[in-house]
Amino acid sequence: MSQLFHEAIIISILASTLRIMTPLLFSSMGELVIQRSGIWNMGVEGTMLTGAFAAYLVATLSGSLWLAVIAAVLAGILMGAIIAFMTAVLRVDHFIAGLGLNLLAGGFTLYWFQSYIRGRAQPTFSGFEDVDIPLLSDIPFIGPILFSQRALTYLALLAVPAIWFLLYRSRHGLELRCLGENPKALDVKGLSVTARQFAAVTFGSAMTGLGGGFLMLGFSDRFLADFTAGRGWIVVVALIAGNWKPKGVFIAVAAFALLEALATHLQVLGAKVPHQLLLSLPYIASIGLLMGLRLRPGQPARLGVPYTRE
Amino acid sequence: MIQFERRTETSGVWTTISFAVASLAGLAATAVLLASTGADVLQVFGALVKGAVGSPKALATTLVKATPLILTGLATVVAFRAQIWSIGQEGQVFAGAMGGYLGAQLLAGLPALLFFPGVLAFGIAGGMAVAWLSALLRNRFGVNEIISTVMLNYLAVYLLSWLLQGGPWGETGGTISYHQSPMLPDAAFLPALMGSSRLHAGVLLPFLAAAICALVMARTPLGFEIRGLGYNPEALRHKGVNIGRTVTLIMLSSGALAALAGAIELFGVTHRLRADNLIGLGYAGIIVGMIGGLSAWGTVLAGLFFGALASGAVYMRVLGDVPAALVPAIQGITLFLFLCAGVLARYRIVRVVVQ
């Protein structure tokens, strides 16, 4: 255990925390846009899973990681369009629609995956590598943590202020927040609630799909059943814990990532704890976190309530 | 111009048409899915039907496969009718199998008439314990039950993984670890209904459970409260019903039903504790319950249908090389189409004369 406090280990833990944060940041910022528009999307897990699978498929077929990133985004958009159609157009209960999407995505990806690898060794790819930023990555301690990461990690970190700007400093953001708080106000001005929610959900799901894609391309070399392993649900918890604000969500995601990084390092260092217990930590932490969060002042007032004129 | 207009009351004919169209669309979507991977569509459909109902053995397999689906489906019905979105069935199935296995250790040697009710009760208690946790988290701490049940599902899966791999229940002695417990003694196998067939006595329980569910829903105060909680919790509160206690009761009933599915799988099918037979039963139950229209007998029908599909898929895999995941894919499509049909059934198509 005392090895945990060596400088090299601390650097490694913090660097992997940032890496683990990357897919969660993309997905949670996307989900933030969706939930601020009033749609309580529970389909994050299925959207991330589909993004990850699309990335795997394209990466192994084309050999191009950037094409795979695009595929993950497109898969996210497709999933978002389905969720938006169910919730914003048909006004199905949001929980049911999200749940249905997760089950649909789980079945489809597994079927296509099993068909894809049928009768042969599973194709693999080599994922993204670290990009050393010249000079900055040579700074002791901070350099290897902050400036020797995957390129998409920097984009994910930029996504936080970008989404903040979108939500609080743009006209689109004002409308978006209004969708979640008081959609009638938009409706009486003759602005379409359905169209705006549809746009918000597909945009957010594109980011969620990108998160799933990075999970594949930045961490792994192959797809597996239940590849996302509950990370979509961690994103949902992070939104509640972060009180539906970009900064809060960022902190919640960082805490989850730090926990996972600690757990994997403890495992590698051979801690005398069952690895299943270490793997369970994020889920235990989620329950613990939600127990302490009875008050949710930042929750959009109309979150999860399908909008109708009557 | 043709427009959709919301119906004031439901029409039986129109509802039937909506769901018939959804079923046909599901069939078409399955064909497209199969074609997308280059499978011979007609051959696969033929194999599915033959493997589902083509022989007495196929029918027996259908019943065995339908058993856990109907039970987890009923677990969904009980909770969802009250608009409690518990998706903890998956973890409760695992807890049911674990509880049952623990019971089998403790009650070994008892006569069958005491042993089987005893171990099933242990299994049910396991599922109820998990369900009670979610109910407590909701009532005391305001934790949304969807999220708490998902997290508890993962915890149950990891708990079983630890028990079988590193923990006390793993099979030892072999050179390879299969992540499973040793075989239960023959006395712990649920008796077969017909000679030496695989049709175990547990296949009767889902029908009994459905009858009880239907009766409780329609005729008892608890059933009234379940439906009331779904329609109008405020009115229920004014009537003096203790909402927290009702929520706990509903979640416990739901957990008991899902856990029974896990215990029956253990004593009737696998005869040893292992994860791969249990994975997905809970999530499939959500689909079965919802496609069954959240009614007890509808769930029995949907469970039999998906049981037949699973049985057909076993046969199909022996014949050809279509992946096993065809079953969850079809379940997912059907659920989505039925959700759409449910919306469609609430509307009427009217012609509007544009002036």
Side-chain angles (χ1 to χ4, degrees), chain A residues 40 42 45-46 82 85-86 89-93 95-119 225-226 229-230 232-234 236-237 240 274-280 282-287 289-296 308 310, chain B residues 6 33-34 36-39 80 83 85 87 133-134 136-137 140-148 150-155 157-163 165-167 279-280 283-284 286-287 290 321-336 338-340 342-344 346:
Chain A
W40 203 330
M42 290 278 160
E45 179 81 6
I82 296 176
F85 177 71
M86 301 298 284
V89 180
L90 294 184
R91 300 192 184 92
V92 172
D93 185 284
F95 293 148
I96 299 286
L99 219 58
L101 188 90
N102 290 336
L103 294 165
L104 186 75
F108 264 65
T109 52
L110 199 59
Y111 175 73
W112 275 322
F113 171 62
Q114 289 178 351
S115 302
Y116 183 60
I117 62 165
R118 184 173 51 198
D226 194 25
W233 293 102
I234 298 287
V236 174
V237 174
I240 300 172
H275 73 273
Q276 291 95 342
L277 183 64
L278 295 174
L279 290 171
S280 305
Y283 310 111
I284 298 172
S286 298
I287 295 176
L289 202 57
L290 291 177
M291 282 168 70
L293 288 168
R294 286 216 77 154
L295 289 174
R296 297 169 185 173
T308 49
E310 300 100 74
Chain B
R6 208 177 174 96
L33 182 68
L34 283 166
S36 78
T37 56
F80 280 26
Q83 303 223 351
W85 307 119
I87 47 179
L133 267 179
S134 323
L136 183 77
L137 283 169
R140 278 284 299 280
F141 299 98
V143 179
N144 176 306
E145 68 273 10
I146 302 189
I147 297 169
S148 73
V150 167
M151 301 299 159
L152 287 169
N153 285 348
Y154 280 102
L155 293 182
V157 171
Y158 282 128
L159 177 61
L160 178 61
S161 163
W162 174 74
L163 284 170
Q165 189 196 345
I279 289 173
Y283 291 120
I286 297 173
I287 300 182
M290 290 193 357
D321 51 2
V322 176
L326 180 64
V327 174
I330 294 180
Q331 287 173 345
I333 301 176
T334 316
L335 173 62
F336 246 86
F338 269 56
L339 285 178
C340 294
V343 176
L344 190 64
R346 291 202 300 271

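Just so we're on the same page: letters track the sequence lines, and every chain starts at 1. Treat the numbers as computed from the prediction; the structure is a model and nothing was measured. All values below come from the heavy atoms of this structure, side chains included, with hydrogens, waters and symmetry mates left out.
- Counting heavy atoms from C-beta on, the side chains of B:Pro323 and A:Phe113 never come closer than 4.5 Å.
- Using a 4.5 Å cut-off on side-chain heavy atoms (C-beta onward), B:Phe141 and A:Leu293 make no contact.
- You'll find the side chain of A:Ile287 stays beyond 4.5 Å of the side chain of B:Val143, heavy atoms only.
- By number of non-hydrogen pairs under 4.5 angstrom with chain B, the leading residue of A:Met42, A:Glu45, A:Arg91, A:Met86 is A:Met86.
- B:Leu34 places a side-chain heavy atom less than 4.5 Å from the side chain of A:Tyr111.
- Listed options A:Leu103, A:Ile82, A:Ile240 were ranked by heavy-atom pairs under 4.5 angstrom with chain B; first place goes to A:Leu103.
- Annotation for A:Leu101 and B:Phe336: closest pair N-CE1, 3.3 Å, computed over non-hydrogen atoms.
- Between A:Phe108 and B:Ile333 there is a side-chain heavy-atom pair separated by less than 4.5 Å.
- Only the side chain of B:Tyr154 has a heavy atom closer than 4.5 Å to any heavy atom of chain A.
- The aromatic rings of B:Trp85 and A:Phe95 stand perpendicular to each other, their planes meeting at an angle above 60°, with 30° marking the opposite boundary.
- Highest contact tally toward chain B, considering only A:Leu290, A:Leu279, A:Ile284, is held by A:Leu279 [criterion: heavy-atom pairs under 4.5 Å].
- The contact between B:Ile286 and chain A is made entirely by side chain atoms (from C-beta outward), counting heavy-atom distances below 4.5 Å.
- Using a 4.5 Å cut-off between heavy atoms, B:Leu160 makes no contact with chain A at all.
- With a 4.5 angstrom heavy-atom cutoff, B:Leu137 touches chain A only via side-chain atoms.
- Tested against B:Leu339, the residues A:Asp93, A:Leu90, A:Leu99, A:Ile96 include a single side chain to side chain contact (heavy atoms under 4.5 Å, CB included) partner, A:Ile96.
- Contact of B:Ile87 with chain A is made through the side chain alone, with heavy-atom distances under 4.5 Å.
- Between B:Met151 and A:Val237, some side-chain heavy-atom pair lies under the 4.5 Å cut-off.
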